[in-house]
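Take a look at the structure set out below.
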Amino acid sequence: MVTVGALVVLLSGLPSISAASGPDSTPSFRWSQDEETLYLNIEVQCDEKSIDIATDVDFFGFSCVGADGVKKTLSFTPREDIVPNAVNCERKAGTFESCSIKKRHRHFFDRLWATDEGGLLASKAQVDWKAMKTEDASDDSDIYSTRHIKTLTATKLKKLRAKSKPIILDVSFPWCTKCNNARLQLEQAAKKLHKKAHFAFIDAREERQIGRDFDADCTHVCEFHVRAAGENNFTTIKVSDEGTSIGLIGKLKKYIRPLITKVKSRKAVSKLNLKCKIVIVTDYRDSDDEYDKIKAVARANRELCFAAIPPSENPGNAHVFAVTGAKKKSLRMHPYPDLLPLEEKNILIWSKRLLLPAYTSFTVDLKDTLVEANVPCAR
């Protein structure tokens, strides 16, 4: 539903109108903008009962029958997404209709429309510089200087996802500068980790559907998306714009490794202990329901390492156990308690208990951990 002056128009779908409908039926118009809104002054005096407006996140359409009895139609794909239910048109003094269109993201467009085949819109449009509340809004879409971060289209991303190698993806707007330092961190990470993972950038303005799929926005909350080895879906990680590349590299290493590392022997587990203080080990197979539960835990807590071994290599009776210790000689096995159901929350609490040292300074954070893990303590 869109309000047009005092007229309410029910939208049952987009009208079959386009800018290519011809110069005679496309009215001239002037446009301007501020950071939040686009403004159109369409030079046509309409019969109010004939006004029809249709909008979508990437479409604006206006049509009416003019005073001369000829149907006038103006429609285009805005340069960037708009808010469909926040479009308002009303009659202004003189012979034109005035429309306001709210932008989805607070940003000055570098132009009004995304495409203009044949140049029809350009021949009918004029910029209302007196009303325009911005200067030139052009920007540079080449935001990464390293060759290790590739700019991808939707088609190229689809091909990349077909490969098993991990992917680290930045889906953002090139004009957004709020996370520039996080981008510099990603450049340094790409130089360090490019042999272990694909690094890619998607321009959320040009690849609009991908931008929506990943909820691209321009805020101070900086995010990258990681697909671990052997996985289909991406995990979103938050990155501090005030952080360091060393911190980001350490975080990415945890996210690009497989959720569960499949090893052939018990001895191979000890190598994982050199990277992680604790390794959760199972002899369940991919086809087991319990395996999926452990995989869900691994997805939720990348601080822990997870491994799968053949049943013949299991040193005990427990299907799930933890191995702790940084050296092979000090490795200890902790069977998962039979009294606890094999659920995500229980495994996380159990792992927290294993990580607690025998003696430590008592703090509020430690108290919260002890309460959650149901661990008695002496202060």
Side-chain angles (χ1 to χ4, degrees), residues 34-37 57-58 78-86 102-110 134 137 139-146 148-152 154 157 161 166-193 197-228 231-257 259 296 298-303 348 365 368:
D34 56 32
E35 196 173 26
E36 296 182 342
T37 310
V57 68
D58 57 358
R79 173 62 163 146
E80 299 184 34
D81 287 356
I82 61 175
V83 182
N85 60 354
K102 187 175 180 179
K103 302 173 181 178
R104 185 180 180 188
H105 305 286
R106 290 172 57 93
H107 165 63
F108 290 110
F109 291 6
D110 58 348
T134 177
D139 47 61
D140 185 2
S141 60
D142 187 15
I143 63 174
Y144 286 108
S145 59
T146 176
H148 298 305
I149 301 179
K150 307 294 185 182
T151 299
L152 302 181
L157 177 61
R161 295 185 72 166
I167 301 172
I168 299 167
L169 187 63
D170 173 19
V171 182
S172 61
F173 297 99
W175 45 260
C176 184
T177 61
K178 293 178 180 178
C179 291
N180 274 359
N181 188 55
R183 287 170 173 166
L184 291 175
Q185 294 176 45
L186 190 65
E187 282 199 359
Q188 295 303 313
K191 294 176 182 178
K192 184 76 173 180
L193 301 175
H198 294 291
F199 285 77
F201 166 68
I202 296 285
D203 185 336
R205 177 174 59 185
E206 301 299 334
E207 300 294 340
R208 296 163 78 147
Q209 187 55 55
I210 293 180
R212 297 178 203 129
D213 292 342
F214 284 90
D215 294 324
D217 204 346
C218 186
T219 69
H220 288 289
V221 178
C222 308
E223 296 178 339
F224 299 128
H225 311 280
V226 184
R227 191 200 68 176
E231 291 292 292
N232 293 321
N233 298 323
F234 283 88
T235 298
T236 299
I237 62 172
K238 297 186 184 302
V239 180
S240 172
D241 196 50
E242 299 177 355
T244 64
S245 59
I246 295 176
L248 179 59
I249 290 170
K251 193 170 188 177
L252 290 176
K253 283 182 177 180
K254 297 174 183 177
Y255 277 86
I256 62 178
R257 68 190 179 206
L259 293 179
R299 187 176 291 108
N301 191 342
R302 302 297 286 177
E303 296 298 322
L348 289 177
D365 291 338
D368 292 341

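From a predicted model like this one, the values you see are computed outputs, not experimental measurements.
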For Phe214 and Phe234, take the angle between the two ring planes, folded into 0 to 90°, and tell me which bin it lands in: parallel under 30, tilted 30 to 60, perpendicular over 60.
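Ring orientation of Phe214 relative to Phe234: perpendicular.
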Report the relative orientation of the aromatic rings in His107 and Phe109; use parallel for angles under 30°, tilted for 30 to 60°, perpendicular for over 60°.
tilted
Rounded distance (nearest 0.5 Å) linking atom [atom1] of [X] with atom [atom2] of [Y]:
X: Leu169; Y: His225; atom1: CG; atom2: NE2; result: 6.0 Å
X: Glu80; Y: Lys103; atom1: CD; atom2: NZ; result: 8.0 Å
X: Leu157; Y: Ile202; atom1: CG; atom2: CD1; result: 5.0 Å
X: Cys218; Y: Lys178; atom1: SG; atom2: NZ; result: 4.5 Å
X: His198; Y: His148; atom1: NE2; atom2: NE2; result: 13.5 Å
X: Asn180; Y: Ser172; atom1: CG; atom2: OG; result: 9.5 Å

Can a donor-acceptor pair be found, under 3.5 Å and without considering hydrogens, that links the side chain of [X] to the backbone of [Y]?
X: Thr146; Y: Ile149; result: no
X: Asp217; Y: Thr219; result: no
X: Glu223; Y: Val239; result: no
X: Asp170; Y: Phe201; result: no
X: Lys253; Y: Arg257; result: no
X: Arg299; Y: Leu259; result: no
X: Asp58; Y: Asp81; result: no

Trace of the side chain to side chain contact (heavy atoms under 4.5 Å, CB included) decision for Arg212 with Glu207:
CA-CA 9 Å; Arg212 297 178 203 129; Glu207 300 294 340; over 6 Å; no
Less than 4.0 angstrom from a charged side-chain N to a carboxylate O is my criterion; do Arg79 and Glu206 meet it?
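So Arg79 pairs with Glu206 through a salt bridge.
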Do Thr235 and Arg302 pair up side chain to side chain, a donor and an acceptor below 3.5 Å, judged on atom types alone?
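Result is no, nothing qualifies.
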Side chains of Gln185 and Thr244: donor-acceptor distance under 3.5 Å anywhere?
no
How far apart are the closest heavy atoms of [X] and [Y], and which atoms are they?
X: Ala200; Y: Leu152; result: CB-CD1, 3.4 Å
X: Ile168; Y: Ala197; result: CD1-CB, 4.0 Å
X: Ala182; Y: Asp241; result: N-OD1, 2.8 Å
X: Ile256; Y: Pro166; result: O-CG, 3.4 Å
X: Ile143; Y: Glu187; result: O-OE2, 4.0 Å

Kindly indicate, with the supporting measurements, whether the criterion side chain to side chain contact (heavy atoms under 4.5 Å, CB included) is fulfilled by Leu252 and Ile237.
CA-CA 9 Å; Leu252 290 176; Ile237 62 172; 3.6 Å; yes
Taking the side chain as everything from C-beta on, heavy atoms only, tell me whether [X] gets closer than 4.5 Å to [Y].
X: Tyr144; Y: Arg183; result: yes
X: Val83; Y: Asn85; result: yes
X: Val171; Y: Asp213; result: no
X: Trp175; Y: Arg205; result: yes
X: Val57; Y: Ile82; result: no
X: Leu193; Y: Ile249; result: yes

Report the C-alpha distance between Arg161 and Arg227 in whole Å, list the side-chain angles of each, state the deciding distance to 0.1 Å, and finish with yes or no for side chain to side chain contact (heavy atoms under 4.5 Å, CB included).
CA-CA 9 Å; Arg161 295 185 72 166; Arg227 191 200 68 176; 3.9 Å; yes
